[in-house]
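For reference, the structure is listed below as structure tokens.
The sequence lines fix the lettering, A, B, ..., with proteins before strands; numbering per chain opens at 1. Every value quoted in this text rests on a predicted model; they were computed, and no experiment measured them.
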There are 2 protein chains.
Amino acid sequence: MAKTNRTYKETYNACLDYILSLGAEACLPPEKEMAAKWSISRSTVRAVLDHLAEEKIIHWKGREKTVLRLPAKADYFQASETRPTADLIEPAFMQYIVGGDLAPGTVLRESELAKNFGVSASSVREYLIRFSRFGLIEKKPNRYWVLNGFTRDFAMELFDVREMFELRAFDTFVQLPRDHDSWKKLAALGDEHRYLQEDIDGRYMQFPRLDDRFHRLIISTFHNRFADDFYDLVALIFHYHYRWNKTGEKERNADAVEEHLMVIDALGVGDFDVGRIRFREHLQTARRTLLASVSWD
Amino acid sequence: MAKTNRTYKETYNACLDYILSLGAEACLPPEKEMAAKWSISRSTVRAVLDHLAEEKIIHWKGREKTVLRLPAKADYFQASETRPTADLIEPAFMQYIVGGDLAPGTVLRESELAKNFGVSASSVREYLIRFSRFGLIEKKPNRYWVLNGFTRDFAMELFDVREMFELRAFDTFVQLPRDHDSWKKLAALGDEHRYLQEDIDGRYMQFPRLDDRFHRLIISTFHNRFADDFYDLVALIFHYHYRWNKTGEKERNADAVEEHLMVIDALGVGDFDVGRIRFREHLQTARRTLLASVSWD
DNA sequence: ATCTTGTTTTTTATGTAGAAAATACAATTT
DNA sequence: AAATTGTATTTTCTACATAAAAAACAAGAT
């Protein structure tokens, strides 16, 4: 097989949605317009129109494109068919290494992973090359990939850099004029934290999303692509950490919400020094929590 | 064509060297030992032995491997044939973008690069994926790669992080016990700087190598893989910067040698505060120098 | 004359084939 | 029996083929 046709399938689904929004007996716009709408080429638009006509959803002759019937659930492609291969590999791969709690030094074979994940070896290969930038895996030329693994040292070094970046960003943040957009966003985040806190038992699972947004807001004020990029790694680690380590999950999240709020509130009343101390403490807690879950030296 | 046989060719050349070191009429060790010697498989060793026998350089029958004649220059494979594809692409690629002074936003097509560099599209593709971790290029899915380029912003952000890492490492460095290996290395580097300074007109071209070693020595005391990794990018940028921007090269290098020595000497006599100030100043100079050479906003 | 569609060409994405290299196992020599 | 070689199998690497998607071009409609 060659290239996958997920662009086509994704566009087809988007087009079905679009037809629904237009209603029955409507006319579709010119091909060029549709291509621009979804940022794809006219070739793909025409392939979609072809299929729509085949399915008797529209009548298509030249510039005549009239809706014959509204699409139903069954007309859509499955979500799994539209996702890009890389998006398919990531969770599978992370499940494999984090979920499997593999020891550092474990050998990873492209062909084996490809078989496990049901994708081609080249896709796996490209994913691993991309993933290797995080420093968790390494290639032995002509041999295999080796899992450096999420060791204690790795976690410590990760947090050393994270703290440098976030504290630097924090200092930039507090210097922003009070009418800056970021202050508004911080206040809004504070409200969301309080909403979550109101029913922490029922909503604690939503914390990771909030945690990510809080820290990204801070980091973003640094305006540094390398710091942003580094936070991708932090986020990846935390995402899968939260996902597979469920012990004391509720308490951990409740504590973190509390800590975030102490920072947000201190900043809200202009007490930057206290805010900084609380922020440092929060980073320390995060470090301890993560280190506690590291199974390898 | 399939896999390249550069491992074989490289091993063959290494084996010729080895035979020369053994002298005439010597016997080669067991296959397993040779495989271990060059960290390759026995299959490759046997392929090499096959060729050696064919060329009548050795007589090979079972475990009998006697040298018949000493190899000559002509027996070796060309250096270009033994270099890994990736090593072949890097200088070509950097020449292409830095040497060509391409504007940010320039479109890079895999097929075009492959044709230019005389390698396969897949090799180029893998190189670009790996290179993309530096943030200088970006992939537009289903389209092409775009050169984000070495802009003023990029250089500024690069230096912000570089300064954070290096100053942090510096503070760790001065805390090291005086009998630590790194202090000895620093003193040795000081001598090398002075040697270079003695005849700066004749030796200034050697400075980039020294610059790299000086900064890597500092960075290494931080013991942080992310900082080390980041310095790879800094080194890459500087390497090609030094390579293509020759204006005022001698003066720049002479100044930098002077600055390095001020840091090294201050530290040598235990004056850490002055050393730190000088080190900061040196980083500032480096930033200014690099920014002066940025052609794009 | 401009906009839109029909057709062709170019480029990208990804599975596959086949050689290279590694690895495993069997046979042989010491 | 241990070490080494011979042979077979497995895995990796990379050029290539081909479908998808984009882009360019030509023709037709308004």
N or O in side chain of A/Thr4 less than 4.0 angstrom from C/dT14 OP1/OP2: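 Checking A/Thr4 against C/dT14: at least one side-chain N or O falls below 4.0 Å of OP1 or OP2.
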
Position toward the 5' end of DNA chain D (nearest nucleotide), A/Tyr144 or A/Ala47: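 With A/Tyr144 and A/Ala47 compared, the 5'-side residue is A/Tyr144.
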
Want to settle it: does A/Glu110 or B/Arg143 sit nearer the 5' end of DNA chain D, counting the closest nucleotide to each?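 Taking each residue's closest nucleotide, the earlier one in sequence belongs to A/Glu110.
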
Hey, which of A/Tyr96, A/Phe93, A/Trp145 is the one that makes ring-ring contact (aromatic ring centres under 6.0 Å, His included) with A/Phe131?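 Going through the options one by one, the only one that passes is A/Phe93.
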
Give one of base, sugar-phosphate or nothing for [X], where a contact means two heavy atoms less than 4.0 Å apart.
X: A/Ser111; value: sugar-phosphate
X: B/Ser123; value: sugar-phosphate
X: A/Lys115; value: nothing

Parallel, tilted or perpendicular, as decided by the 30° and 60° cut-offs, for the rings of B/Phe165 and B/Phe222: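 B/Phe222 vs B/Phe165 ring planes: tilted.
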
Using 30° and 60° as the class limits, which term best fits the ring planes of B/Tyr8 and B/His51: parallel, tilted or perpendicular?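 B/Tyr8 vs B/His51 ring planes: tilted.
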
Between B/Leu68 and B/Trp60, is there a side-chain heavy-atom distance shorter than 4.5 Å?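 With C-beta onward as the side chain, the pair stays apart.
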
Atom-to-atom span, [atom1] of [X] to [atom2] of [N] - whole angstrom:
X: A/Asn142; N: D/dT12; atom1: CG; atom2: P; value: 10 Å
X: B/Ile40; N: D/dT12; atom1: CD1; atom2: C1'; value: 16 Å
X: B/Arg125; N: D/dC13; atom1: CZ; atom2: P; value: 17 Å
X: A/Glu126; N: C/dA13; atom1: CD; atom2: P; value: 9 Å
X: A/Lys3; N: C/dT10; atom1: NZ; atom2: C1'; value: 11 Å
X: A/Leu128; N: D/dT11; atom1: CG; atom2: C1'; value: 14 Å

Between the side chains of A/Glu126 and B/Arg125, is the shortest nitrogen-to-carboxylate-oxygen separation below 4.0 Å, so that they form an ion pair?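 Salt bridge between B/Arg125 and A/Glu126, a charged N being under 4.0 Å from a carboxylate O: yes.
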
Are any protein N/O atoms closer than 3.5 Å to N/O atoms in nucleotides 1-7 of chain D? If there are, list each pair with its distance.
unit_1, atom_1, unit_2, atom_2, d
D/dT4, O2, B/Arg63, NH2, 3.3
D/dT5, OP1, B/Lys65, NZ, 2.5
D/dT5, OP2, B/Glu31, N, 2.9
D/dG6, OP2, B/Arg46, NH1, 2.7
D/dG6, OP2, B/Arg46, NH2, 3.3
D/dG6, N7, B/Arg42, NH2, 2.7
D/dG6, O6, B/Arg42, NH1, 2.8

Does the side-chain contact (heavy atoms from CB on, under 4.5 Å) test come out yes or no for A/Lys139 and B/Arg130, once each step is laid out? CA-CA 12 Å; A/Lys139 182 81 222 263; B/Arg130 226 176 331 233; over 6 Å; no

Quick one: do A/Glu54 and A/Lys56 satisfy salt bridge (Lys or Arg N to Asp or Glu O under 4.0 Å)? Show the steps, please. CA-CA 5 Å; A/Glu54 243 171 57; A/Lys56 307 246 187 267; over 6 Å; no

5'-most contact on DNA chain C: B/Lys139 or B/Ser39, nearest heavy atom basis?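 Here B/Lys139 is the residue nearer the 5' end.
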
